[in-house]
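This report refers to the structure that appears directly beneath it.
Here, residue 1 is the first one in the sequence, and each next residue gets the next number. Note that the coordinates shown come from a computational prediction; the quantities given were computed from them, not determined experimentally.
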Amino acid sequence: MAPSLSSTRAPPRARVPLQVRAAAAVAAKSSRTAAVPLPSQRVLDSCRTVAEHADQVRVGDAAAIDHAAHTILDGLVAGRYSTASWRAHPLHPQVADRHAAEFIFLLDLMNFSFWSDSDTLFTVTYRGIAYTGYWSLVAAINRARDEGIAITSAYRMATMLRETLQHVFRSDSETPISLFEERFEAIRQAGQVLLRRFGGSIVNLIKEARGSCQALIELVLQHFPTFDDRSTYKGKTVYLYKRVQILVADLWACFEGRGLGAFHDIDLVTMFADYRVPQGLVHLGLLDYSPALLAELHVGDLIPPGSATEVEIRTTSIWAVELVARRIKELLRKRTDLMETPMVNAILIDFYVWDYAKAHQDELAKIPIHRTRTIFY
Ligand SMILES: Nc1nc2c(c(CN[C@H]3C=C[C@H](O)[C@@H]3O)cn2[C@@H]2O[C@H](COP(=O)(O)O)[C@@H](O)[C@H]2O)c(=O)[nH]1
C-alpha cells in the first residue's frame, strides 16, 4: 500500500532564521567555488608551472617581450586590431545573429588538425578560391550551406549521415580531411546533446551562462567532451582548453562584445594553444626551442599527443602570450596621449600572432610547426 502522504513528509525543521540560512548558503558556495579555480585560471596556473620548468622550450627574453608588446600595442592603438577584425574575414559570418552563433559552434567543434602527412593539404575550393588549413574548414561549412545542407542546425548534426559529411568535407586535392571518423562522431554527439539538453539551440547554451564566458566554458566542458583538452606533464594535470576558449573568443569577436558575445569576464581567456601561433612566437623571439627540438621538428617527426615535447610547446606559448599581455598593459598605463584606451587581452594578441604567422607563412617555414595528430587543436 502506498505510504500515506503524512508518513513521507519530512519532520518539521527547527525554524532557522532566513538570514542565517542565506549566509550559510553563500559561505558554502564561496568556499566551494574558491576551491576550484575558473577554467581559464586553471589553464594559466598549469601552463605557468610547466613553462617555468620546461626542458626544451623557453619564453623569449625581456627584450623580445618588450619589442613584441610595443609592436602589438601600436597595432591595437591604430585600430588595426580589434574584435571587428574577426568579421572582416569574408568567409566568417558577416551578420552577428543566431546563425552566426551556430556557425561558430560547429566551426570550433571541428577546428583542428589541418596539417598534412603528404605534400598536399586538404583543400576546399569555394567561389573560385582554393582554401587550405583553417580556412578550408570555414569554406567547407559555407559550401555546405550554399548547397542547402543546414549543417550548423542541431537536428542535422544529430542525425548526420556519414555520406553527407563525406560530401561536406570532400577535398579538392588528393588529400582528404584528417580524422574524419572523429569529426563524424563529434558532430553527431554534439547535435544530440544540443537537442536533448539545450532544446536544439546554441542560444540556450550561451544564455545559460548568463554573460560569463567562464561559466560557458564549464558548460561546454561538461556536456561536449571533445572540447576537454588537457594533458599530464610529469604526473600533474595540465589544462589547455584550446577549442573551448577559442569558441567563446570567436563569439565575443563576432558579436563585438555584445548580445550573444557579451562576456563580462572575457579578459580571463588565455591564448589558444594550436600549432600555428607557437611558430609565430618563435619567429617573434617570444619562444625559444632547444637546438635538439628544432632538429627534431626539421626532421618532421610526429610529436605524440600528450608527450612532454607537445605539452611544453603548448603551455610555454600560453605563458609567453600572457607575459606579452601584461607588458602591453604596463605600457598602456604609461600612455597619456591616447584619446581612448584600446582593449587588450590574450585573445587579440593571439589573433594578431596567428594572422601574422599566416601572412608570413613562407618566411616562417624555416621554423617547422609541431606535427601532433589530435582532435584538440
Ligand atoms: N591560436 C589560434 N589558433 C587558431 C586560430 C584560428 C583561426 N583564426 C582566425 C580567426 C580570427 C583570427 O583573426 C584569425 O583570422 C585557427 N587556429 C588553429 O590554427 C591551426 C590551423 O592553422 P593553419 O593549418 O595554418 O590554417 C589549427 O590548430 C586551428 O585550430 C586563431 O585565431 N588562434
Side-chain angles (χ1 to χ4, degrees), residues 89-94 97-205 220 223-229 242-244 246-247 250 274-275 302 305 371-377:
H89 293 282
L91 283 188
H92 278 159
Q94 296 302 298
D97 59 11
R98 175 172 64 83
H99 302 293
E102 288 175 349
F103 188 107
I104 289 168
F105 181 75
L106 176 67
L107 174 62
D108 286 322
L109 181 72
M110 292 287 109
N111 191 356
F112 55 83
S113 215
F114 303 107
W115 57 267
S116 170
D117 291 315
S118 70
D119 52 13
T120 56
L121 291 166
F122 167 65
T123 305
V124 173
T125 300
Y126 180 66
R127 294 188 176 167
I129 300 174
Y131 294 96
T132 58
Y134 164 80
W135 295 112
S136 64
L137 169 64
V138 193
I141 299 173
N142 279 289
R143 181 176 65 180
R145 285 169 85 169
D146 286 6
E147 293 173 348
I149 302 171
I151 181 153
T152 57
S153 94
Y155 180 74
R156 284 306 298 269
M157 288 169 65
T159 58
M160 179 64 62
L161 298 177
R162 181 178 269 103
E163 52 270 23
T164 305
L165 196 65
Q166 280 163 342
H167 175 75
V168 167
F169 285 146
R170 66 192 184 279
S171 179
D172 293 317
S173 74
E174 63 273 11
T175 302
I177 195 166
S178 71
L179 298 170
F180 176 81
E181 286 304 321
E182 289 78 357
R183 295 176 194 276
F184 176 58
E185 195 45 49
I187 285 182
R188 286 180 62 94
Q189 189 257 356
Q192 284 153 22
V193 171
L194 277 176
L195 284 182
R196 271 202 317 268
R197 174 63 177 71
F198 297 99
S201 156
I202 178 76
V203 174
N204 293 342
L205 166 61
V220 171
H223 294 287
F224 303 94
T226 63
F227 284 95
D228 191 0
D229 169 13
K242 186 260 177 196
R243 285 196 289 107
V244 65
I246 204 169
L247 169 61
D250 284 344
D274 69 318
Y275 55 81
L302 293 185
R371 293 146 48 90
T372 299
R373 192 61 80 195
T374 170
I375 65 162
F376 290 123
Y377 59 96

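- In terms of heavy atoms, L165 sits closest to F184 at CD2-CA, 3.5 Å.
- At distances below 3.5 Å, at least one donor-acceptor pair connects side-chain atoms of T374 with backbone N or O atoms of F376.
- At least one cation-pi condition fails for R162 and F180: the charged atom is not both under 6.0 angstrom from the six-membered ring centre and inside a 45 degree cone around its axis.
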Apply side chain to side chain contact (heavy atoms under 4.5 Å, CB included) to Y377 and T372, showing your working. CA-CA 9 Å; Y377 59 96; T372 299; 3.3 Å; yes
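- At a threshold of 4.5 Å between non-hydrogen side-chain atoms, the residues F114 and L121 do not count as touching.
- Taking the salt bridge (charged side-chain N to carboxylate O under 4.0 Å, His left out) definition, one finds that R196 meets it with nothing, sequence neighbours left out.
- Across Q189 and P225, no two heavy atoms sit closer than the pair NE2-CD, 3.1 Å.
- Note on residues 132-144: pairs passing side-chain hydrogen bond (donor to acceptor under 3.5 Å, both in side chains), not counting sequence neighbours, are H92-Y134, R143-D172.
- A distance of 9.5 Å separates OG of S153 from CG of L194, quoted to the nearest 0.5 Å.
- Counting heavy atoms from C-beta outward, H223 and L205 have side chains that stay 4.5 Å or more apart.
- The backbone N or O of L161 sits nowhere less than 3.5 Å from a side-chain atom of R188 that would complete a donor-acceptor pair.
- Atom OH of Y131 sits about 12.5 Å away from atom OG1 of T123, to the nearest 0.5 Å.
- Shown here for G200 and A154, the closest heavy-atom pair between the two residues is O-CB, 3.5 Å.
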Run the numbers on F105 and F224 for ring pair (Phe, Tyr, Trp, His ring centres under 6.0 Å), then give the verdict. CA-CA 11 Å; F105 181 75; F224 303 94; 5.2 Å; yes
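- Rounding to the nearest 0.5 Å places CD1 of I375 at 13.5 Å from CD of E181.
- When atom types are taken as modelled, the side chain of R183 and the backbone of S178 share a donor-acceptor pair closer than 3.5 angstrom.
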Report the C-alpha distance between I151 and M160 in whole Å, list the side-chain angles of each, state the deciding distance to 0.1 Å, and finish with yes or no for side chain to side chain contact (heavy atoms under 4.5 Å, CB included). CA-CA 8 Å; I151 181 153; M160 179 64 62; 4.1 Å; yes
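- Under the 3.5 Å distance criterion, with hydrogens and angles disregarded, no donor-acceptor pair is assigned to the side chains of T120 and S173.
- Atom OG1 in T152 sits 12.0 Å away from atom CG in L109 (nearest 0.5 Å).
- When the side-chain hydrogen bond (donor to acceptor under 3.5 Å, both in side chains) test is applied to E147, the partners found at least two apart in sequence or on another chain are H167, R170.
- In this structure, Y275 contributes its side chain and S113 its backbone to no donor-acceptor pair below 3.5 Å.
- Proximity of a side-chain donor or acceptor of Q94 to a complementary backbone N or O of H89 within less than 3.5 Å is detected.
- The shortest distance between side-chain heavy atoms of D146 and R127 falls below 4.5 Å.
- Of all heavy-atom pairs spanning A186 and M110, the tightest one is CB-CE, 3.9 Å.
- Put simply, CG on D108 and NZ on K242 are 6.5 Å apart, with the number rounded to the nearest 0.5 Å.
- Two residues are said to be in side-chain contact when any heavy atoms from C-beta on lie closer than 4.5 Å; D117 and R371 meet this criterion.
- The side-chain heavy atoms of L179 and R373, taken from C-beta on, include a pair separated by under 4.5 Å.
- For S171 against P176, the heavy-atom pair with the smallest separation is CB-CA, 4.2 Å.
- The two residues V168 and A140 have their closest heavy-atom pair at O-CB, 3.8 Å.
- Note that the CG atom of L107 and the CG atom of D250 stand 6.0 Å from one another [nearest 0.5 Å].
- Between the side chain of R243 and the backbone N or O of T226 there is at least one donor-acceptor pair closer than 3.5 Å.
- Using a 4.5 Å cut-off on side-chain heavy atoms (C-beta onward), F169 and L137 make contact.
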